[in-house]
Every structure is written in C-alpha cells, then in structure tokens.
Amino acid sequence: MKPTFYITTPIFYVNGAPHIGHAYTMIAADVMARFKRLDGYDVFFLTGTDEHGQKVEKAAIDAGKTPQQFTDEVSAVFRDIAARMNVSNDAFIRTTEPRHYKASQALWENLIEAGHIYLGGYEGWYAIRDEAFYDESELTTNAQGQRVAPTGAPVEFVTEPSYFFRMSAFRDRLVDHIEANPEFIGPAARRNEVLGFLKGGLTDLSISRTSFRWGVPVPGDNAHVMYVWLDALTNYLTALGYPDDEAPDMRFWPADLHLVGKDILRFHAVIWPSLLMAAGLPLPKRVYAHGWWTIEGEKMSKSIGNVIDPRELADTFGADPLRFFLLRETSFGSDGDYSRAALVRRLNVELANDLGNLAQRTLSFVAKNAGGVMPKRGPTTEADSVIATMCSELHDIISPIIDRQDFSIALETIWVAIRAGNAYIDQQAPWTLRKIDPVRMEAVLANLLDLLRVVSTLLQPFMPDSMARMLDQLGVPPGQREFAALATPLPEGTALPPPEGVFPRFVEAA
RNA sequence: GGCGGUGUAGCUCAGCGGUAGAGCAGGGGAAUCAUAAUCCCUUGGUCGGCGGUUCAAAUCCGUCCACCGCUACCA
C-alpha cells in the first residue's frame, strides 16, 4: 500500500482581493503534492476558503449582499486562481459548508467532554470604530482625557460572555513536543520564535463571540458563534470526513505538512496543536511558515496600488514560468521581491537559454542527424560517467531538500545538471563527431537525452505543463513519468516527435 | 526594554575552524548544433568595526554599529 501524504494550504480569508501571496502558497503546496505523487505517495492536497467572521459579514453588507452571496463569489475567485496556477488540489473546502459546521461542532463537543472548555467573560478595551479589542499597553490618553487606541479611536472597557479553551494547560506538552521534534516547525528561525513565545506562558483562549452572527453556532448555546480561528483550523479535519472515524480519507490524518504564511504561524504552531492535544488527536508532522513578497522593492498594499493579480502574470508569462520564478528567486522561508525585470531574467536566462535551448539544440540535432529516434548508447567515457552519475543521483539528492521545503536549493541543484549538459554538448561537439565518428555522436546524443529526461521528470512538479511537453518530445510515454520510471532507460530507436521550443524568450514590447 | 536573527564580490546569496565561493552583472576568447542561445578564461572582496581564544577564524568568544523578526487572541 502506498504511504499517504496530506498537505494543506491555509484556507484563504475571503475579505479581500487575491494577490501573488495567495498564489505563492498554493503553488508551493502544489509542488509538494505533485512531487510526492510522482514519488509514489497517495496524496491528499487541500486548499479552500475561510468565510466566517465579523469582517466578512461587514464586507458583505457593504457590498449590498448577503454573506452567503458574497462568500460564494469570492470563494469562486480563489478557486479560479488555483485553476489558473495549475494547482492540483484534491479538494477545495469552504467553511460555510454543512459538513464543516458538523465537524466544528463535533470538535467543540469533544473538547467539552474532555473538560477543556469553560464559560467565562471576555474583557477588554474595545474600540467600536475599529471593531477591535486592544491591549491595555497599547492605549494612550488623548488631549480630551479619553483612553484611545493606537488608531486614535476611543475605547471602552467591555465584558462579554465567552467560552474559553483551557490552552494554558497544554503549554508544557507543546514545548516538549517542539523540542523533541525539530522538524515540527520550519524554518528553524520561526521555531525559535514560537519557543520564545511559549516561554512566556500561555493564557486560555477565548473561543466564542456574541457580537456578531456570521459563524458556526456554538452547540447548546445559540447566543454564541465560534471564534473564527477555531472554526478555520478545523477545516483540515473536515475535509477528511471528521468526525467520522470510518471516513475513508481519515487515513490521511495527521497532516504531513501545513504550509502557512509567516503571519499565521502562531495559530498553526500553538493554538492548533493545543486544540488537537485537547481533543486527543495526533498532531500534524510539520508546519512551515513561508515569507512574503514585496513588489518592485515595495511592500504590497492597496494604498500604494501595487497589488498584482497572479492571473495577469500567468496571462503574460505563462503559469509555469511564474511558478518557477516564485520558487526559484527566493529562499522559501525568507521574504522575496517580485519585479518584472527579475521574472523576465529568470525566464530568459534559466528557462529559455539554459534549459529550453539545451533541449532544442539536442532534439533538433537528433531530428536532423540521428533519424529522429533515440540514438544508440555506446561505451562510456570519463565525461559520460560524470554526467550519468549526476543524473542517477539527482532524485535522491533533491528529495530530502524538497522535504525541507528548500525549493530554491532544489532548483539550483537541478540547474547544476542542466549547465553541465550545456558544457557537455560543447565539449563533445556532436556536430564535429557527425563527420568523424557517427557512432560516438549517437552515444553523446543519447547521454544528453537521458539527462534531459531526468531533468524534465524531476521538474514536473514545478512546471507541469511545460515538462509534459518536453517529455512528449523526449519520447517518454505518459505512464513512464513517475520518478521510479527513471530507473528504466528509454529504449534505443524510440521515435521522437519533431522538436518544438518549450520556453520562448520573452522580449518586452518596445 | 526583552528574546532571536542578519551584516561575505556591483546585485542575490552559499560557506560556519585549516590558504575566500556560486549565479547574475562586467571584461577577453572559442565554437557555430541551437531560442544570437552555448562553452572556456577573467576583473572584482583587508568576509560590518574593534578586541580575545587558537599553530590556524568569515567560521568560536566578548563588545560596538547597522538592519530585520518575535514580544498573545486582526485571517
């Protein structure tokens, strides 16, 4: 039986336009999912939308719609983004689905039975204008002697009844778990932040609200709806069929990887594991917080007006080059900067010149001088072995790198092989061999095609469409494209279709 | 303020105890199969400052400077 692999993106909050950051998380998760599928895993890849909360309720009202109408529309946009980015999610969950209400309420009842929820009062300084609570330390006194929030909004001390989750009781166990499992939180710097945060102790968590209605009702107390994060986090279980232990997809739990943005690591690395421990459920194996993108050196923001719809970039450059750029340009745990010039540079230098041109020069040479079929392999020279060894080891080198989400390093490693391929073809000079040693020429071309096959197979998770086309041209049948198939060389004499450029250079209009 | 991190070639970064590295950018050359793409060679750094440990420090320790992150319920 295949091993399982369950990967999630956060569910995206429907209170705003989707931007490059949303696409980034989806694409990274997609690369993981595709990589694991090709590596023989039974994969469940989940994404979706988070649709509850006061902000959504308000945004709907402002738009003159019911919350349901509003969230239907925005959720569809995120679904479209996933499709346009060529994201291969197995399911798309919405927190407004009936099955999610059922799962959230079941988890709640589970926590009640275990004695980890109690009714208390949520007290704090509330600014009506901001619809937000502020910590006492944030407040200042204005000229009129009023207590005001950092935004300048007057605040008042309010108390509302609220259910609390006894999160404080789980701090020690959580710290022990993080220390015993170094891979539980990545990257390491974030792990340290979480540990530092936990050192200061955990308080109980207010997990219900009475101030608005757009949420999952608290079982047995309809005056309350669940705190949006409680409801949101539960989505990872809902999608598998929780609370039905017999649901076929429940075999995917615990999740192998929750990919999240750095802004929501806390919820996934502290609150979520605490809730799971309280409910007696196994913890996810890893939570990874990636960085954010700036745009042409500036922070992405509506007021600057530099928010980019990833669909526009995909229309201009293609989904695959965009996917490649986002994972190649910057270390996954760090912030990155998108600039059009940088994207075009990656596209032209690495995709068109290095990889695309290597494929094109090799394949067109085979078409013209080797009968358009996989040439005959020959005796191995020293230079051949260097290339062959590099290729045969590539998967095993990449695999643990992918498991750490070091996508840019994985790509750099593959590019070392591609550059070696360009050096090899120049040194071996099949155009010279054609005249003096046609047998050796065939062997050289076969080695190059073998290299291209390894490279395109391993790059499929990053650029699925482009690599499918390249593998077509390399004569690799659709059933021979998983990683395990690399052990079986393409038979000599296999007919190769006429070559066709996969990555045209991008030239800016004048 | 507290905790943590970063500072290495023009740019982005790797190296983290043993005579400074990669990619891109710059310069020179080769080749002409190919998307004028490729390959080879090369310019360039007192590895943030100062002090210490060591036979030996970018690499360990101290200190100073600069920048960044986290510091509880906003998705």
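In what follows, every chain begins at residue 1, and chains take the letters A, B, ... in the order their sequences are listed. Bear in mind that the values here come from a model prediction, so they are computed numbers and not experimental data.
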Exercise. Given that A:Glu350 and A:Arg190 both sit by RNA chain B, which one's nearest nucleotide is further toward the 5' end?
Worked result: A:Glu350

Seminar exercise, completed: Taking for A:Ile425 and for A:His22 the nucleotide of RNA chain B with the nearest heavy atom, the one nearer the 5' end belongs to A:Ile425

With a 4.0 Å limit, can you tell me whether [X] has a side-chain N or O closer than that to the phosphate oxygens OP1/OP2 of [N]?
X	N	value
A:Arg266	B:rU71	yes
A:Lys368	B:rA34	yes
A:Arg505	B:rA37	yes

Pairing check on [N]: which nucleotide meets the Watson-Crick or G-U wobble criteria with it, both distances under 3.5 Å?
N	result
B:rC39	B:rG29
B:rG44	none
B:rG7	B:rC65
B:rU19	none
B:rC73	none
B:rC60	B:rG52

[X] [atom1] - [N] [atom2] separation (whole Å):
X	N	atom1	atom2	value
A:Asn192	B:rG69	CG	P	17 Å
A:Gln427	B:rA30	CD	C1'	12 Å
A:Asp354	B:rC39	CG	C1'	12 Å
A:Lys435	B:rA31	NZ	P	12 Å
A:Ile264	B:rA72	CD1	P	18 Å
A:Leu233	B:rC73	CG	C1'	12 Å
A:Asn422	B:rU35	CG	C1'	12 Å
A:Arg404	B:rA14	CZ	P	14 Å

Could you tell me whether [X] contacts a base, only the sugar-phosphate backbone, or nothing, with contacts defined as non-hydrogen atoms closer than 4.0 Å?
X	answer
A:Val270	nothing
A:Gly200	base
A:Gly196	nothing
A:Leu205	base
A:Leu202	base
A:Gly201	base

Please determine, for the side chain of [X], which listed nucleotide ([options]) has the closest atom?
X	options	answer
A:Phe503	B:rG23, B:rU35, B:rU38	B:rU35
A:Ser364	B:rC73, B:rC33, B:rA37	B:rC33
A:Phe197	B:rA22, B:rC73, B:rU71	B:rU71
A:Arg345	B:rC74, B:rC24, B:rA37	B:rC24
A:Ala423	B:rA22, B:rU32, B:rC39	B:rC39
A:Glu412	B:rC73, B:rU38, B:rA22	B:rA22
A:Arg419	B:rC74, B:rU32, B:rC39	B:rC39

For this session: Start with the C-alpha distance between A:Trp293 and A:His19, add both sets of side-chain angles, then the distance that settles side-chain hydrogen bond (donor to acceptor under 3.5 Å, both in side chains), and finish with yes or no.
Result: CA-CA 10 Å; A:Trp293 286 90; A:His19 52 69; over 6 Å; no

Taking only the [atom1] atom of each, what is the distance from [N] to [M] in whole angstrom?
N	M	atom1	value
B:rA14	B:rG23	C1'	10 Å
B:rC47	B:rA57	C1'	11 Å
B:rA22	B:rC40	P	12 Å
B:rC39	B:rA56	C1'	39 Å
B:rU6	B:rU32	P	50 Å
B:rU46	B:rC50	P	12 Å
B:rU59	B:rG7	P	11 Å
B:rG10	B:rG62	P	30 Å

Exercise. Counting only N and O atoms by type, is there a donor-acceptor contact under 3.5 Å from the side chain of A:His268 to the main-chain atoms of A:Ile264?
Worked result: yes

Exercise. Hey, is the main chain of A:His177 close enough, under 3.5 Å, to the side chain of A:Asn181 for a donor-acceptor pair?
Worked result: yes

Problem set entry | Over-ring placement of A:Arg191 relative to A:Phe184, 6.0 Å and 45° cut-offs | no

Exercise. Is it true that the NZ or CZ of A:Arg79 lies under 6.0 Å from the centre of A:Phe92's six-membered ring and within 45 degrees of the ring axis?
Worked result: yes

Exercise. Donor-acceptor pair under 3.5 Å: do we get one between A:Asn353's side chain and the base of B:rA37?
Worked result: no

Exercise. Strictly by modelled atom types, are A:Arg377 and A:Asn447 linked by a side-chain donor-acceptor pair under 3.5 Å?
Worked result: no

Problem set entry | Donor on one side chain, acceptor on other, A:Ser162 and A:Ser206, under 3.5 Å | yes

Exercise. After noting the C-alpha distance and the side-chain angles of A:Tyr118 and A:Phe165, does the key distance pass the ring pair (Phe, Tyr, Trp, His ring centres under 6.0 Å) rule?
Worked result: CA-CA 7 Å; A:Tyr118 61 92; A:Phe165 165 52; 9.5 Å; no

Problem set entry | Near-parallel close stack of A:Trp431 and B:rC33 base (under 5.5 Å, under 30°) | yes

Seminar exercise, completed: Of A:Trp415, A:Phe407, A:Phe462, the one forming a ring-ring contact (aromatic ring centres under 6.0 Å, His included) with A:Phe324 is A:Trp415

